[in-house]
Structure formats: structure tokens, C-alpha cells
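Worksheet: the structure to be examined is printed underneath.
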Amino acid sequence: MTTEQKKKYGYWQWRTLIVLMLGYAFYYFVRKNFSVVMPALETELGITKVQLGLFLTLNGIVYGLSRFANGFLADRFSRRKLMASGLFLSAAANFFICFSPAMDSFVDVLDTEGKATMALVYIIGSVWVLNGYFQGMGVPPCMSLMAHWIRPQELATKQSIWNASHSIGAGLISVICAFILDHLGYSAWQLCFAVPASIAVVGAFILLFALKDTPSSVGLPELEDMDDGVASSAGDNDKETVLTGVAFKRFISRLVFRNPLIWILAVSNFCIYVVRFTILDWGATFLTQYKGMEISQAGSVVAASEIIGGIAGMLVAGWFTDRFMQSRAHRTCLFCTVGATVAFFLFWKTPADMNWLAAVFLCLSSFFVYGPQALLGIAASNQATKHACATANGILGVFGYASTTVSGLGFGYLAQHFGWNSVFMVSVIVGIVGSVVIAVMWKADADGYAKAGRIIEDIKKSTDISGQGKDS
């Protein structure tokens, strides 16, 4: 690669990374706003914790399935269009919830006391579940774009930088919504949907016009064609031709669906997401109800745990992985999962009159949680290679958001009927299980490119150049 090409490549790599960070932070604006507004929905509309937990659970399940389905699309079609469309549709869902009480002129969605009837509960719940599908159009394009623009040896560090968008988005929206509710009261809950949605619409257009799908689309060589002996023992000039049609399906089957490492990562993702969502989805609620904080204080603590704890945790974990673990992200995940579990246990056991210490432990738990939250996806990307990374991360997404069966409906039920102590106990147990599962993968290679090369050679022997079987 010439000096001019290297300069151009560096520009486009960082431009892609920054735009993806900005875009996915906007995704969180129209997703995690719901978590902050839940106490207001409970107070103003009378929606119960069990109902709110059900919304979170169904949203999470649909989100996970959407990530899986859109993983296939992101590996085959335009990633920038897919990501921009999802953000726009998610904004539309938030606008719909914002104006849903106005439907009372046509349908009885409010009772005489201004509380939600079951009709409004169903409407808000259904739209939020649909929003789960739209949200699932965000991560797969990001994973695929980064695998196309970033070398495997740098992926842990640079994708961890992108992953900070989770905490930036969740933290900022926690502050914005907490500010609205604290200064205007719980009755202003609709603004917590309208304001983020307006910002997200702008973000959708930024994604559409600022991203490019591959280096070749801006006149640069693909990663495997660059110098320095990069990325992959799977590199052949006709690789892209081989990975089409039946050949592509066989490649996906062997490198993803029949790869035990992907399933270990997926189960680990389930466990870490239970702990993560306990903090992110219920944080504002249990800090006010269990720790006795004001909503503005609780929102600030959640924001701090995301922005300070989360971002620092991801950046340190990514740097540590490439610097000391030879890019073996799964090893760093083990240390982080243990740390997150211990910190959350200490938060739980902190005396009620020491909220400052509880806040420290909650931030520390987020610091450790966001290591594996970022690195498990990076490990899956490296194991599945750039050609199947979105599909592999789709599987992790299904498991990660299947965790909302526990953290959403399950914790809503436990909190309402048995108190918050039962919620914290289950979270700690799940964290211990997650630590054991990821430890099984300790000796695994850093990536699957050598394995992918062998698979491609096997496929070549049984397929013609069109990717169809010799006997087809």
C-alpha cells in the first residue's frame, strides 16, 4: 500500500469508527430512555413493575432475534442503509409512544383518573416490542463494517473505542431524561420519548451519508490485499467468489453454527447481560426505591456508571487484550466477569446510609461489565472472520437479549413480590455461572482466520467457481 493509500485508509478507518460511535449512541437515545422513564410510567400511568418487566423482556427477545436476522443481511447487503433505516424507524416508534395518550379521543386509553387502561398498556408495550426489532438493525452493520475496516490485531482496541458508544448513549440519555423529570415532573414523561426521537432522526441521515460499506468503495484495497502480511490465512484472490451461494452457506455453517467457541461466547453473553441489564434497566428504579435516592441523583449515578465506569472499562479491556493477552479477548472477559460479579455483590451489601459507596461499587461493576460486553462480540468477530462476523454476533445477540427473560419479566416479578434483595442475589449467581463458562475457552486461539482458510480450501474442492455444488 502506498503512502497516499495509507493516509487515505487511516482517514476512512477513523471516520467510519467515529460515525459508528455517534450513530450507535443515538440508537441508545431511543432505547434506554425507557429505563429512566419507567418510574414515571409507574407513577403517572399506573403501569406495574411486572408489566414494565414484560415490556423489557419481550423487547429484549425480539431485539436478539432481530440481531440474528439482520446479521445475515449485514453480511450480504448494504450496511449503512440497514443501520440508518433502523435508527429512523426506532425514532418513529418513540414518537408514537409519545403521542399515544392523545388516542384517548378515539379509544379509551386513559381512565377517569388519567391512568392507563389496558388498551394503552397494550399499545405502549406492543410498540416498544416492535422497537426491539428496529434496534436490532444497529449492531450487525457496526460489527461487519469494523471487521471490514480494522485489522484483527487491532480490533479489540478499536472496537472497544466504538463500544464506548453504548455508555455514551445510555449515560447521556439518563442525564437528559432525569433532568426533564426532575425539573418538569413525572407528568413530562412524553418529552423523554420526543426529544431523543428528534435527535435520532438527524442521526439516521448522518449515518446514511457519512458511511461507506467497504474500503474498495472508496478506491482502497481490502484488508486481505494490504501489505504487512495482515489478516488472514484465508486470503485468496478469488475468496469473494467462493463465498457466494451454497459455498457461503457452507462456510457460515462450519465457521459459525458448528463452532463450539461461538456457543461458549453466546452463553457467556447471556450471563454478562443479566448483570448489565440489572444495572441499566432497573438502576434508576432500585436506586430510588431500594437505596432511597432522588430521581435526579439516581439518574446521575446511572449516567456515571455508564459514562465513567463503562467507557473506562471498555477502553482498558480493549487495550489490555491487545497489549497483554495477544488479542485473546476471551481471557480478558474472564477477569472482567469475576470483577463485575464481586463489585455488584459489594454494591448490594453496602449499608443504606452509605449511598456514596454504593455509587462507587455500581460504577465499578459497570467498569467490569463493559469489558466482556464489548470483548465477547470482538471475540466472536475474530473467530468467525470478517465474512461471518455479523452472523456470529447475531447468535450472541439472541443469547444476550434472551437474558431479558431474567432481567426483565423475571426481575420485575421478583422485585414486586419478594423485594430487591432477591433480584441482586440472582444477578450475583448468574455472574458466577458466567465466569465458569468463559473460563472453558481459556486456551482458544485469538482468531479463526487459519480455520477459515482451511474451510475455504475444503469448499473449493467440492464446489465450482459459482459457489454451487459440483453435483448441483
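Remember, it's a predicted structure, so these values are computed and weren't measured experimentally.
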I'd like to know if the side chain of Thr321 reaches the main chain of Ala156, judged simply by a donor and an acceptor atom lying under 3.5 Å from each other, with no hydrogens or angles considered.
no
Those residues at least two apart in sequence (or on a different chain) that pass salt bridge (charged side-chain N to carboxylate O under 4.0 Å, His left out) with Lys49 are Glu42
Going by heavy atoms in the side chains, are Ser407 and Leu56 under 4.5 Å from each other?
no
Listed partners of Trp442 passing ring-ring contact (aromatic ring centres under 6.0 Å, His included), at least two apart
Phe335
Would you name the heavy atoms of Ala200 and Phe26 that are closest together and state the gap between them?
CB-O, 4.3 Å
Any chance you could measure Met137, atom CE, to Leu82, atom CG, to the nearest 0.5 Å?
4.5 Å
Heavy-atom neighbours of Phe286 CZ exceed 12 at 6.0 Å
yes
Can you confirm whether more than 12 heavy atoms, excluding those of Lys7, are under 6.0 Å from its NZ atom?
no
Go through the steps for Phe88 and Val201 under the test side chain to side chain contact (heavy atoms under 4.5 Å, CB included), then give the verdict.
CA-CA 5 Å; Phe88 184 84; Val201 169; 4.3 Å; yes
Mind checking whether Val406 and Phe270 have side chains closer than 4.5 Å, heavy atoms only?
yes
Using the test ring-ring contact (aromatic ring centres under 6.0 Å, His included), find all partners of Trp14 that sit at least two apart in sequence or belong to another chain.
none
Distance-only donor-acceptor pairs under 3.5 Å for side chains of residues 367-381, two or more places apart:
{"unit_1": "Tyr370", "atom_1": "OH", "unit_2": "Arg276", "atom_2": "NE", "d": "3.3"}
{"unit_1": "Tyr370", "atom_1": "OH", "unit_2": "Glu306", "atom_2": "OE1", "d": "2.6"}
{"unit_1": "Tyr370", "atom_1": "OH", "unit_2": "Glu306", "atom_2": "OE2", "d": "3.0"}
{"unit_1": "Gln373", "atom_1": "OE1", "unit_2": "Asn163", "atom_2": "ND2", "d": "2.4"}
{"unit_1": "Gln373", "atom_1": "NE2", "unit_2": "His166", "atom_2": "NE2", "d": "3.4"}
{"unit_1": "Gln373", "atom_1": "NE2", "unit_2": "Tyr273", "atom_2": "OH", "d": "3.0"}
{"unit_1": "Ser381", "atom_1": "OG", "unit_2": "Gly377", "atom_2": "O", "d": "3.1"}
{"unit_1": "Ser381", "atom_1": "OG", "unit_2": "Asn393", "atom_2": "ND2", "d": "3.0"}

Note: Gly171 and Ala303 closest approach over all heavy atoms is O-CB, 3.4 Å
Is the backbone N or O of Asp213 less than 3.5 Å from a side-chain atom of Arg80, with the two atoms forming a donor-acceptor pair by type?
no
Flag, side chain of Asn70 to backbone of Ser66, donor-acceptor distance under 3.5 Å:
yes
Whether Phe324 and Phe320 hold their rings parallel, tilted or perpendicular, with breakpoints at 30° and 60°
tilted
Exam field: side chain Ser365 to backbone Leu362, donor-acceptor pair closer than 3.5 Å
no
Is a donor on one side and an acceptor on the other found under 3.5 Å between the side chain of Trp263 and the backbone of Phe257?
yes
Checking Asn131 against Ser90: is there a side-chain donor and acceptor pair closer than 3.5 Å?
yes
Take Asn94 and Val127 through the test side chain to side chain contact (heavy atoms under 4.5 Å, CB included) and record every step on the way to the result.
CA-CA 8 Å; Asn94 274 257; Val127 174; over 6 Å; no
Looking at Phe347, I'd like to know if the NZ or CZ of Lys291 sits under 6.0 Å from its six-membered ring centre while staying within 45 degrees of the ring's axis.
yes
Residue pair Pro39 / Ser35: nearest heavy atoms and the distance that separates them:
CD-O, 4.0 Å
Mind listing the closest non-hydrogen atom pair of His330 and Ala444 along with its distance?
NE2-O, 3.2 Å
Trp162 CH2 to Ile150 CD1 distance, which is reported to the nearest 0.5 Å:
10.5 Å
Test side-chain contact (heavy atoms from CB on, under 4.5 Å) applied to Leu315 - qualifying residues, sequence neighbours left out
Ile161, Ile311
Interatomic spacing from OG1 in Thr16 to OH in Tyr11 - rounded to 0.5 Å
9.0 Å
Can you name the residues that form a side-chain contact (heavy atoms from CB on, under 4.5 Å) with Ala304, not counting sequence neighbours?
Ile308, Cys363
Any idea which heavy atoms bring Val274 and Ser403 closest together, and the distance?
CG2-CB, 3.6 Å
Applying side-chain hydrogen bond (donor to acceptor under 3.5 Å, both in side chains) to Ser160 and not counting sequence neighbours gives none
Checking Ser435 side chain against Gly431 main chain: does a donor-acceptor pair fall under 3.5 Å?
yes
Mind checking the CZ-CG spacing from Arg79 to Leu145? Nearest 0.5 Å is all I need.
6.0 Å
Apply side-chain contact (heavy atoms from CB on, under 4.5 Å) to Thr157 and list each qualifying residue two or more places apart in sequence or on a separate chain.
Asp322
Between CE on residue Met441 and CZ on residue Arg328, distance to nearest 0.5 Å:
10.5 Å
Test log, rule side chain to side chain contact (heavy atoms under 4.5 Å, CB included), inputs Ile168 and Tyr28
CA-CA 9 Å; Ile168 292 171; Tyr28 262 57; over 6 Å; no
Closer than 3.5 angstrom, by distance alone: can the side chain of Tyr9 be matched with the main-chain N or O of Trp149 as a donor-acceptor pair?
yes
One should read off an interatomic distance between Phe29 CZ and Leu87 CG, to the nearest 0.5 angstrom, of 10.5 Å
Is there side-chain contact between Thr285 and Tyr290, with at least one heavy-atom pair below 4.5 Å?
no
Sequence-distant partners of Tyr186, ring-ring contact (aromatic ring centres under 6.0 Å, His included), two or more places apart:
none
Taking side-chain hydrogen bond (donor to acceptor under 3.5 Å, both in side chains) as the definition, give me every residue that meets it alongside Thr337, ordered by chain and number, with sequence neighbours left out.
none
Is the backbone N or O of Leu396 less than 3.5 Å from a side-chain atom of Asn269, with the two atoms forming a donor-acceptor pair by type?
yes
The criterion is side-chain contact (heavy atoms from CB on, under 4.5 Å); which residues satisfy it with Thr288, sequence neighbours excluded?
Ile295, Ala298
Determine, stepwise, if the pair Phe55 / Trp128 fulfils ring pair (Phe, Tyr, Trp, His ring centres under 6.0 Å).
CA-CA 7 Å; Phe55 297 168; Trp128 198 247; 9.0 Å; no
Do Trp282 and Phe411 have ring centres separated by under 6.0 Å?
no
Quick one: list whatever passes salt bridge (charged side-chain N to carboxylate O under 4.0 Å, His left out) with Lys158, sequence neighbours left out.
Glu154
Any sub-3.5 Å donor-acceptor pair from Ser427's side-chain atoms to Val423's backbone N or O?
yes
I'd like to know if the side chain of Arg31 pairs up with that of Tyr27 as donor and acceptor (distance under 3.5 Å, no hydrogens or angles considered).
no
Donor-acceptor contact present, side-chain Ser217 to main-chain Thr214, <3.5 Å
yes
Minimum heavy-atom separation for Ser305 and Ile279, please, with both atom names.
OG-CG2, 4.2 Å
Stepwise side chain to side chain contact (heavy atoms under 4.5 Å, CB included) test for Lys32 and Ser174
CA-CA 8 Å; Lys32 289 306 174 185; Ser174 294; over 6 Å; no
